[in-house]
A.B. asks: 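Pasting in a structure now, in structure tokens, and then I'll have a few things to ask.
Counting starts at 1 for both ligands and their atoms, in listed order.
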Amino acid sequence: MIIRGGRPLKGTVSAGGSKNATLPIMAAALLSDSPSTISGIPMVRDIRTMSELFCILGANSYIDSNMMHVQPNTINNFKAPYELVKTMRASIYVLGPLLGKYGRAKVSMPGGCAIGLRPIDLHLLAMKKLGAKIEIKHGYVEAVAKKLRGARIVFPKVSLGATVNATLAAVLAEGKTVLENASKEPEVYDTINFLKAMGAKIEGSGTGTLEITGVRKLNGVTSYTVIPDRIEAATLIAAAVMTKGRVTVNNVNTAHLSLFLDKLKEAGAAVTACNGLVRVAPHKGRLTATGIHTEPYPGFPTDIQAQWMALMSTAAGDSIIKENIWENRFMHVPELGRMGADITIDGNTAVVRGVKKLSGASVMASDLRASAALIIAGLSAGGETEIRRIYHLERGYEALDEKLRSLGASVDILPEDGL
Ligand code: UD1
């Protein structure tokens, strides 16, 4: 991606549907015999990968203008292969539905990735508590259960993925399941709403304790719209703030971004939120350095940490940024350094000493949100920024380059060998 920076963004743009809600909702759709249609989904690579995985399982699914159709009653294979799981860790979400509905699943262990180890011990703990027999063989989790039975599961740590998987397994189990210390992320809430529309009995959404009473059968849902993508919205808002732009971002559930918006105001950004949209106006002078630490929802999202760091790189003063979710999620730091940012890391803590201005440079994207941070930095920097390995971006942002161009940014994606 080539960015000629220094232009304030101007105009109106909309966030799309949430990738991180669509993936578990797709997995939920496997629990029925009848088809489901999920609307408002983003056309991004992770969702196409999930659809490919469904094809391998024998389910029919296709995407048609931001709509996903899933026909699950043809499933005849229970193996999620390494080739797909390694590119998209959310593939692990098929474990719960396959086990709950068909009594067996073989899913590749996800392994680590750029942002850190990706353990699945809490997913397995939940499946075992529900009565599954689990073996790890040749890099695969092999799980079987005649019939899952409800259980009380206390998660020692909040995990979005394990909460989703346990819920997906428990909705068809016999009896009642209680999940304690469950994730309160909006994407879990959205998945639960979809499951309820299928006929599942779940209480306590958003409270940290979920009570699930197993039912014998779930129905497909013919019309369900996923929640807006809070991370995409935050990325667009951060880009507008950092370029001192005047931008309206539509399709935002502002409640899902309340801490981020509060932090922006604390830093001196001119943002106002109302009725599903956020308006950004140019702020005077520089932002004020403002620290954050990432935490499970409603804490500051790990998926906005890199973008926040880009913002703070030109704020006045020193900000402390602490990453509590992923141990290796500072890969963007040396790249921001190439653009003139002054950032040091000690363990999971980064100290950002704000500089007056960044300057365009050649940098390398290491993961999805790091790509977003480098784009935000590049849009505000003087001169040209060239971001290599921008393919990471396609995993989770639909046409971000087009959206930025519609706001007046000079952004082009060239074929990799064209750089
Ligand atoms: C996490 C984030 C999510 C973000 C996603 C991608 C949280 C609670 N979740 O979701 O917002 O969109 O990364 O960046 O912030 N863990 C274990 N054992 C397990 C599962 C997880 O120890 O079996 C640990 C992880 O190492 C991590 C923490 O729990 O430190 C949260 O992981 P989890 O929420 O499961 O990860 P994702 O579902 O990918």
A.B. asks: I'd like to know if R369 contacts ligand 1, where contact means a heavy-atom distance under 4.0 Å to any ligand atom.
C.D. replies: no
A.B. asks: Which option, N165, I325, L368, owns the non-hydrogen atom nearest atom 27 (C) of ligand 1?
C.D. replies: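 Considering heavy atoms of N165, I325, L368, the nearest to atom 27 (C) of ligand 1 sits in I325.
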A.B. asks: Using residues 258-280 as the side-chain source, report each donor-acceptor pair under 3.5 Å to any protein atom, sequence neighbours left out, with the distance given to one decimal.
C.D. replies:
| unit_1 | atom_1 | unit_2 | atom_2 | d |
| --- | --- | --- | --- | --- |
| S258 | OG | A255 | O | 3.4 |
| K263 | NZ | G291 | O | 2.9 |

A.B. asks: For atom 31 (C) of ligand 1, which candidate among T163, L160, V158, D367 provides the closest heavy atom?
C.D. replies: V158
A.B. asks: Counting only nitrogen or oxygen atoms and a 3.5 angstrom limit, does R118 reach ligand 1?
C.D. replies: yes
A.B. asks: Measure the distances from the heavy atoms of R89 to every atom of ligand 1 and state whether one is below 4.0 angstrom.
C.D. replies: no
A.B. asks: When you measure from the side chain of D229 to the backbone of A15, do you find a donor-acceptor pair of N or O atoms at a distance under 3.5 Å?
C.D. replies: no
A.B. asks: Provide, to 0.1 Å, the distance between atom 2 (C) of ligand 1 and the closest protein heavy atom, together with that atom's residue and name.
C.D. replies: T302 CG2, 4.0 Å
A.B. asks: Quick one: does ligand 1 sit under 4.0 Å from the side chain of E327, the backbone, both or neither, non-hydrogen atoms only?
C.D. replies: neither
A.B. asks: Go through the side-chain N and O atoms of T209 and T207 and say whether any donor and acceptor fall under 3.5 Å apart.
C.D. replies: no
A.B. asks: Hey, is E203 close enough to K201 for a salt bridge, meaning N to O under 4.0 Å?
C.D. replies: no
A.B. asks: What do the steps show when you test R118 against W326 for side chain to side chain contact (heavy atoms under 4.5 Å, CB included), and what is the final call?
C.D. replies: CA-CA 9 Å; R118 289 283 186 135; W326 297 116; 3.5 Å; yes
A.B. asks: Consider every N or O of G161 and every N or O of ligand 1, then say whether any pair is closer than 3.5 Å.
C.D. replies: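 N/O-N/O distance below 3.5 Å exists for this pair.
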A.B. asks: Run the salt-bridge test on R329 and D303 with the 4.0 Å N-O cut-off and return the result as yes or no.
C.D. replies: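 Yes.
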A.B. asks: For atom 13 (O) of ligand 1, what's the nearest protein heavy-atom neighbour? Residue, atom name and distance, please.
C.D. replies: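 Result for atom 13 (O) of ligand 1: W326 NE1, 3.0 Å.
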A.B. asks: One residue to check: D303. Relative to ligand 1, which of side chain, backbone, both or neither has a non-hydrogen atom less than 4.0 Å away?
C.D. replies: side chain
A.B. asks: Could you give the side-chain donor-acceptor pairs of residues 330-340 under 3.5 Å, partners two or more places apart or in another chain?
C.D. replies:
| unit_1 | atom_1 | unit_2 | atom_2 | d |
| --- | --- | --- | --- | --- |
| H332 | NE2 | Q305 | OE1 | 3.0 |
| E335 | OE1 | M364 | N | 2.8 |
| R338 | NE | S362 | O | 2.6 |
| R338 | NH2 | S362 | O | 3.2 |

A.B. asks: Quick one: does S371's side chain have a donor or acceptor within less than 3.5 Å of a partner on A365's backbone?
C.D. replies: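 No, because the side chain of S371 does not come within donor-acceptor range (under 3.5 Å) of the backbone of A365.
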A.B. asks: I'd like to check whether A162 has a polar contact with ligand 1, where a contact means an N/O of the residue lying under 3.5 Å from an N/O of the ligand.
C.D. replies: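 No, since none of the N or O atoms of A162 sits under 3.5 Å from an N or O of ligand 1.
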A.B. asks: Using a 4.0 Å heavy-atom threshold (strictly under), name the region of V164 that reaches ligand 1: side chain, backbone, both or neither.
C.D. replies: neither
A.B. asks: Nearest to atom 35 (O) of ligand 1, what protein heavy atom do you find, and at what distance?
C.D. replies: S159 OG, 2.5 Å
A.B. asks: Within the structure, does N324 bring an N/O atom to less than 3.5 angstrom of an N/O atom in ligand 1?
C.D. replies: no
A.B. asks: Should one rank E187, H123, K184, E185 by closest heavy-atom distance to atom 7 (C) of ligand 1, which comes out on top?
C.D. replies: E185
A.B. asks: Using distance alone, determine whether D121 and ligand 1 share an N or O pair under 3.5 Å.
C.D. replies: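 Right, the criterion is met.
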A.B. asks: Give the residue and atom name of whichever protein heavy atom lies nearest to atom 23 (O) of ligand 1, and the separation in Å to one decimal.
C.D. replies: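 Nearest neighbour among protein heavy atoms for atom 23 (O) of ligand 1, to 0.1 Å: L122 N, 2.7 Å.
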A.B. asks: Does ligand 1 have any atom sitting under 4.0 Å from a heavy atom of Y297?
C.D. replies: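 Distance cut 4.0 Å: Y297 fails for ligand 1.
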A.B. asks: Check whether N181 reaches the backbone of V154 with its side chain - one donor and one acceptor, N or O, closer than 3.5 Å.
C.D. replies: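 A pair under 3.5 Å: no.
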A.B. asks: List the closest protein heavy-atom neighbour of atom 22 (O) of ligand 1: residue, atom name, distance to the nearest 0.1 Å.
C.D. replies: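 Result: P119 CG, 3.5 Å.
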A.B. asks: If you count the atoms of ligand 1 from 1 in the order shown, which ones are under 4.0 Å from a heavy atom of N20?
C.D. replies: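 Every atom of ligand 1 under 4.0 Å from some heavy atom of N20: 12 (O).
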A.B. asks: Would you mind finding which of R230, K157, R329 brings a heavy atom closest to atom 28 (C) of ligand 1?
C.D. replies: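 Closest candidate by heavy-atom distance is K157.
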A.B. asks: Might you point out which heavy atoms bring R369 and A306 nearest each other, and give the distance in Å?
C.D. replies: O-CB, 3.7 Å
A.B. asks: Testing the 3.5 Å rule here: is there a donor-acceptor pair between the side chains of E398 and N66?
C.D. replies: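 Yes, N66 and E398 have a side-chain donor paired with an acceptor closer than 3.5 Å.
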A.B. asks: Say you draw a straight line from CD1 of I134 to CD1 of I120; how long is it, rounded to the nearest 0.5 Å?
C.D. replies: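 Taking CD1 in I134 and CD1 in I120, the distance rounds to 8.5 Å.
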A.B. asks: Taking T349 for its side chain and K322 for its backbone only, find out whether a donor-acceptor pair lies under 3.5 Å.
C.D. replies: no
